[in-house]
2 protein chains.
Amino acid sequence: MRRLPLAVRRAELIDAAVRVIARDGLAKASTRAIVAEADMPLGAFHYVFRTREDMMRALVTEVVDKERSAALAAFEAQGSDTDLRSMLRAGLGSYLALLKTRPDLELAMLEVALYGVRHDATMVADQWQSYHRAAAEGLEKAAELCGVTWRQPIEHVAQSLISAFDGITLTWIAIRDAEAAERHMDFLADSFARLAS
Amino acid sequence: MRRLPLAVRRAELIDAAVRVIARDGLAKASTRAIVAEADMPLGAFHYVFRTREDMMRALVTEVVDKERSAALAAFEAQGSDTDLRSMLRAGLGSYLALLKTRPDLELAMLEVALYGVRHDATMVADQWQSYHRAAAEGLEKAAELCGVTWRQPIEHVAQSLISAFDGITLTWIAIRDAEAAERHMDFLADSFARLAS
DNA sequence: GTCTATACACCGATAGAC
DNA sequence: GTCTATCGGTGTATAGAC
């Protein structure tokens, strides 16, 4: 009836799936709930994806990656005329802003990531590796702008930064204490800035 | 037939539920799977718990708390004749040892915590607050043993420490990179030690 | 008090009408 | 190509036998 290209249907279904997971949780994201959200008949699902697991796999690689990249993009360098500590702090702050506006989405991403660990641990590990690369690029650019250099291999700093992001995310989802998060980010900005000279 | 006290059955069911979740994931932890693991008939489940959600609620408060307390206990002060940095590093290291030996269990705890956020966010927030208190006690004892004092309110340091733990946990579950984890803990021990004088 | 049998909703997936 | 109707299986929960 609607005659949409397969790629469009696919994107709409993944989009609908993310909305359902964010609103109701991964456990409630049945194929029926997803097609209802996308306003499609049930048959359309298995016309696009062979199985539900196929869709979840696509969702993990495409959406979780996009989401985290957006977070790291927010982290990336803005104005140049500041010191490294302030720049790091601003990046962390804009990530917290993202957490505040869409906590449901971050919770969804976390549920999906844990699903990925259960079903294809390698896929999730690769995903995190790509965060490391993105973080390393951001850290390099920040150091350039501030005219400093990292005293440790930038990959190692990037790994610690991702772990710090992971902590901020999980802690925020658990207790949503804005003041504690701000203080913790002050601490992190100080600590990371000390790794450069 | 077996005539066990209700409390014993209850404990056995929760224990079986944790094993199932650790082994197969929260999504597979149906009432049937749990009673099979506990070697009980299905009826026993609803004799002890009114609904599955009732059991999950009990599991969140009792088990997740116990698990995290064990982690923080591992963190707590051991030998006295060292500096604060080494003591913090040792504590973090013993938590990583716990992650290494039972990654399935930590993944299970994380799944359960996210379930809790979806179904009773207050309960999870209270849980994290109790971690904060436990962490604060550990930090106080560590500072005493080293003859130093924290330059910031110990509650704030504890909040950051828990967030660091959260990050270590999530990162480990995602990529299980032991070397990166060790390096990150070196960085954390340095950074936290700087908060005392 | 304990367990079996079963009710009933919903799941993923597909066959077959159009 | 698209959608409806339905299958087989599993979920939670309970009624009723013992």
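On a predicted model such as this, the values are computed, not experimentally measured, just so you know. First the proteins, then the strands, lettered A, B, ... as listed; each starts at 1.
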Salt bridge between B/E53 and B/R57, side-chain N to carboxylate O under 4.0 Å? yes

Are any of the side-chain nitrogens in A/E106 or A/K100 under 4.0 Å away from the carboxylate oxygens of its partner? no

Salt bridge or not for B/R102 and B/D104, using N-O below 4.0 Å? yes

Once each nucleotide of nucleotides 13-18 of chain C is scored for protein heavy atoms under 4.0 Å, what B/S/- sequence comes out, 5' to 3'? BB----

Tell me: CZ of B/F49 to P of C/dT2, nearest whole Å? 15 Å

Between B/D39 (CG) and C/dT2 (P), how many Å, whole number? 15 Å

Whole angstroms only, please: what is the OH-C1' distance between B/Y47 and C/dT4? 17 Å

Measure from CE on B/M56 to P on D/dT12 and round the result to the nearest Å. 11 Å

For B/L13 and C/dC3, what is the distance between atoms CG and P respectively, to the nearest whole Å? 11 Å

Test salt bridge (charged side-chain N to carboxylate O under 4.0 Å, His left out) applied to B/E144 - qualifying residues, sequence neighbours left out: none

Would you call B/D190 and B/R194 a salt bridge, taking side-chain N to carboxylate O under 4.0 Å as the test? no

Measure from CE on B/M55 to P on D/dT12 and round the result to the nearest Å. 10 Å

Between C/dC11 atom P and A/K28 atom NZ, what is the distance in whole Å? 10 Å

Would you kindly give the CD1-to-P distance between B/I34 and D/dA13, to the nearest whole Å? 11 Å

For B/R176, enumerate each residue passing the salt bridge (charged side-chain N to carboxylate O under 4.0 Å, His left out) test, keeping only those at least two apart in sequence or located in another chain. none

